[in-house]
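When a ligand or atom number is given, it counts from 1 through the structure's own listing order. The basis for the numbers below is simple: all heavy atoms, side chains too, and nothing from hydrogens, waters or symmetry mates. The model shown is predicted, which means the values in this text are computed figures rather than measured ones.
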Amino acid sequence: MASRLHAHIGTFRQLEILLAVYDGGSVKAASEALFLTQPTVSMQLKKLSEAIGLPLYQQVGRRLHFTDAGLATIKTARQILNSCEELDMHLSNLRGLKSGTLRLACATTAKYFIPHLLGPFCERYPGIDIQFTVANRQQVIERMEQGLDDFYVFSHLPQGLGLEVIEFLSNDLVAIAHADHPLTQQHSVSLEEFCQHDFLIREKGSGTRFATEAFFQEKGITPNVKMTIASNEAIIHCVLSRLGVSILSAHTLAFGEIYGVKVINVDALPIQTKWSFSWLQGKALSPLAQEFLEYVETEGRQMMKQALHTMQPN
Ligand code: PGA
């Protein structure tokens, strides 16, 4: 395709020479502007005219008169050169991290703190775009298998995917109930007693559910599951509606007191897990992704801790 095009409209360099001749008004001016000899400029114009199959200009005295074919070629040549200049600028912006897209996928429960990581980074690089996908743990793993994003945030890493990993925040899963629930009055609650109450559980594929099921299995206890709910917020509202108790990440409760949900002091809880910030070993990181990684490693952890701290109810 490229060589067929060359055969009909000449090379990029020939178009550049034609433009210089048009803008300078003579072969001599073009040769000076492009640091070429006059015979070279004339030769390239001749080749261009042969490729196009039409004359590009006529010399009348000392002046050049461009034909319709010449003017049409000049118009397109200018568009091509402008586009190339734009591309060049865009690429140098990318090299200077002034633009580009950072793709990040995180488990739903991580959405409570990841924005606090993104905020200061975007302030530093206002021209960048962020594609921020929030899905449950299983869906994030599927995105990871397809290599759709630069970074992934969730807990309980899958085996065999070849990952680079930074563990960066603890994720405590706590037992919760309506603030008026009798269990909230008790100093400590046994796991057996907790499990007698209607239990609200996250959907299959959720990391919260994964950890909760593993915990109950290890303890040899089966919760009294009343509802499966694919959202932390919906679980909180169901707890508020006295539909049951649940186990959720403490991150979801940053404003728990306002909502009237309380953490219950159940034996053996919280379930302690960790958030992983990971990326695929084989995937080349863009300059922007590399910059973000460095930012996460040097400042990110502290920033998120602070953000979570300031969100805690008094
Ligand atoms: P979830 O993820 O929002 O899917 O429950 C949390 C996690 O990965 O632990």
Engineer: What residue and atom, counting heavy atoms only, is the protein's closest point to atom 1 (P) of ligand 1, and at what distance?
Structural biologist: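 Scanning the protein heavy atoms, the shortest distance from atom 1 (P) of ligand 1 goes to Gly207 N, 3.4 Å.
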Engineer: Please indicate whether Tyr22 has more than 12 foreign heavy atoms, meaning atoms of other residues, nucleotides or ligands, lying under 6.0 Å from its OH.
Structural biologist: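 Result for OH/Tyr22: open.
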Engineer: Taking atom 4 (O) of ligand 1 as the point of reference, which of His251, His156, Arg137 owns the nearest heavy atom?
Structural biologist: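 Of the listed residues, Arg137 has the closest heavy atom.
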Engineer: Which of the atoms in ligand 1, numbered in the order shown and given with their element, are less than 4.0 Å from a heavy-atom of Ser155?
Structural biologist: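 Listed by number with element, the hits are 7 (C), 8 (O), 9 (O).
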Engineer: Using 0.5 Å steps for rounding, measure from the CD1 atom of Ile229 to the CG atom of Leu200.
Structural biologist: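 Spacing of CD1 (Ile229) from CG (Leu200) equals 4.5 Å.
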Engineer: Can you find an N or O of Arg209 that's nearer than 3.5 Å to an N or O of ligand 1?
Structural biologist: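 No; the residue has no nitrogen or oxygen that sits under 3.5 Å from a nitrogen or oxygen of the ligand.
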Engineer: Any idea which protein heavy atom is nearest atom 3 (O) of ligand 1, and the distance to it?
Structural biologist: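 Result for atom 3 (O) of ligand 1: Thr108 OG1, 2.3 Å.
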Engineer: Is the closest basic N to carboxylate O distance between Arg242 and Asp180 below 4.0 Å?
Structural biologist: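 So Arg242 pairs with Asp180 through a salt bridge.
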Engineer: For atom 5 (O) of ligand 1, what is the nearest protein heavy atom, given as residue, atom name and distance?
Structural biologist: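 Here the nearest protein heavy atom works out to Thr208 OG1, 2.7 Å.
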Engineer: Heavy-atom contacts with Ser206 under 4.0 Å: which atoms of ligand 1 show up? List them by number with element.
Structural biologist: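 The list of qualifying atoms is 1 (P), 4 (O), 5 (O).
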Engineer: Which ligand 1 atoms does Asn136 reach within 4.0 Å, using its non-hydrogen atoms?
Structural biologist: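 Those qualifying, in numeric order: 4 (O).
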Engineer: Between Arg202 and ligand 1, which part of the residue brings a heavy atom under 4.0 Å of the ligand: side chain, backbone, both or neither?
Structural biologist: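 Side chain only.
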Engineer: With under 30° as parallel and over 60° as perpendicular, where do the rings of Tyr295 and Phe121 fit, or are they tilted in between?
Structural biologist: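 Because their plane-to-plane angle lies in the 30° to 60° range, the rings of Tyr295 and Phe121 count as tilted.
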Engineer: Nearest heavy atom to atom 6 (C) of ligand 1: which of Phe154, Tyr152, Tyr112, Trp275 does it belong to?
Structural biologist: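 The residue whose heavy atom sits nearest atom 6 (C) of ligand 1 is Trp275.
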Engineer: Tell me: protein heavy atom nearest atom 2 (O) of ligand 1, and distance?
Structural biologist: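 Of every protein heavy atom, Ala107 CB, 3.2 Å lies nearest to atom 2 (O) of ligand 1.
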Engineer: So if I apply the side chain to side chain contact (heavy atoms under 4.5 Å, CB included) rule between Thr73 and each of Leu19, Asp68, Leu18, Leu54, which one comes out positive?
Structural biologist: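 When Leu19, Asp68, Leu18, Leu54 are each tested with Thr73, the side chain to side chain contact (heavy atoms under 4.5 Å, CB included) holds only for Leu18.
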Engineer: Is it the case that more than 12 heavy atoms not belonging to Lys28 sit under 6.0 Å from its NZ atom?
Structural biologist: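 Atom NZ in Lys28 is not crowded, with 12 or fewer foreign heavy atoms closer than 6.0 Å.
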Engineer: Measure the acute angle between the ring planes of Phe151 and Phe292, then classify it against the limits of 30° and 60° as parallel, tilted or perpendicular.
Structural biologist: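 The arrangement is tilted - the two ring planes meet at 30° to 60°.
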Engineer: Check for me whether Arg137 meets the cation-pi criterion with Phe210, that is, NZ or CZ under 6.0 Å from the six-membered ring centre and within 45 degrees of the ring axis.
Structural biologist: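 Because its charged atom sits under 6.0 Å from the ring centre and within 45° of the axis, Arg137 does stack over Phe210.
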